[in-house]
Amino acid sequence: MTMRPKFLLTLMAVSLLAACMTVLFADTQEPTLKDAFKGDFLIGAAINSAQIYGRDTAGDALLEKQFNAISPENVLKWGVVHPEPDRYDFDAADHYVALGEKYHMSILGHNLVWHSQTPRWVFQDANGKPLTRDALLNRMHDHIQTVVGRYKGRIQSWDVVNEALNDDGTLRQSQWLKIIGPDYIAKAFEYAHEADPSAELNYNDYSLENEPKRNGAIKLIQQLKAEGVPISAVGLQGHDKMDWPTVDQEDATIEAFAKLGLKVKISELDIDVLPSASQNRGADVSQNYELLAKLNPYAKGLPDSVQQDLAKRYADLFRVFLKHKDVVTRVTFWGVNDGDSWLNNWPVRGRTSYPLLFDRNNQPKPAFYAVIKVAGQDAGKK
Ligand code: GLA
């Protein structure tokens, strides 16, 4: 008889302990990026067609769990959404936006005006002759009105102009520049603003961490702002290497754009751990096979030491992003898991690349835990 209350008490204590452990265990087992950086910045991923159309169910589950923002890897680029002069194809883009709404995510549009993945006809008349300035401006206006207008109020942020600069900071000699002149950039922003006055409008580019290109971007943006052009943010693509950009370069770059009164997005983040292929350009075909093996050293898996180096590298960069959380509004990875990454096929086709936080089975890598840890160490955390 005297044992009974004691037994009940023990039982209650054990259940309480088990409940606490479940909560603790669940917490330590299941950290999420979006929760870790809540109140700091959004955590985004670029998504592909398989994810957009729901064919990659595991990828979608990971996306829903870990991220609160999306970018379209390809489906809003001109060539996909507007393949012929009188034909738009919104099927994939509609699914993309619907997916973002279903998961209550911040939805980004990428992109409106770019030199690449834009069909040749865009710059030509019906006879294949170059368009006049006015005709190309009209075409740009129609495209932006139609695409931005369709998703007005649903896509919150647009990459209006992508990659307008050369490495030395001068304007890239694109068809846009050649036919319209340098004010094509201002016009694109004005048209986008006209189509959705509440959308946030971005200039997006790579290698802005390098001083000559960064200075070119600063000059360009100062000029746009002086003319009253509605630009609100700069996207630093963030296709990074293990040794580039340095932490100091990243820090100085974010600071420089913040000084212009812009928000900063890390818009296409990935970190390439594979050997650089550039010095091997021009090799003949037979040599290429040999080179491919040399350039693809981790085909059978990433050694632990490299996993750890990548984790440290990610942590270093996230410390800089957090330092600037007052201006950094989102950090978007260019893909959900390593298998999705464009770096498996660029600049060399068929390599096995490891640039993201989740492996090919959607499992978190050491880099994931390193990034989560940085969020936890942030002193200014609310
Ligand atoms: C650039 C573009 C992206 C994408 C990547 C590679 O950074 O902005 O849309 O094409 O190249 O995937």
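As the structure lists them, so they are numbered: ligands from 1, and atoms in each ligand from 1.
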Could you name each residue pair satisfying salt bridge (charged side-chain N to carboxylate O under 4.0 Å, His left out) that touches residues 238-250, not counting sequence neighbours?
none
Side chain to side chain, I266 and L236, heavy atoms closer than 4.5 Å
yes
Those residues that, when tested against F67, pass ring pair (Phe, Tyr, Trp, His ring centres under 6.0 Å) (two or more places apart):
none
Taking the side chain as C-beta and beyond, is there a heavy-atom pair between I185 and W176 under 4.5 Å?
no
Between side-chain atoms of residues 98-105 and protein atoms elsewhere (two or more places apart, or another chain), which donor-acceptor pairs fall under 3.5 Å?
unit_1: E101; atom_1: OE1; unit_2: R154; atom_2: NH2; d: 2.9
unit_1: E101; atom_1: OE2; unit_2: R154; atom_2: NE; d: 2.8

Looking at K178, I'd like to know if its NZ atom is crowded, meaning that more than 12 non-hydrogen atoms belonging to other residues, nucleotides or ligands lie closer than 6.0 Å.
yes
Please output the residues near ligand 1 using a strict heavy-atom distance under 4.0 Å, listed in chain and residue-number order.
K77, H110, W114, Q117, N162, E163, Q237, H239, E268, W334, W342
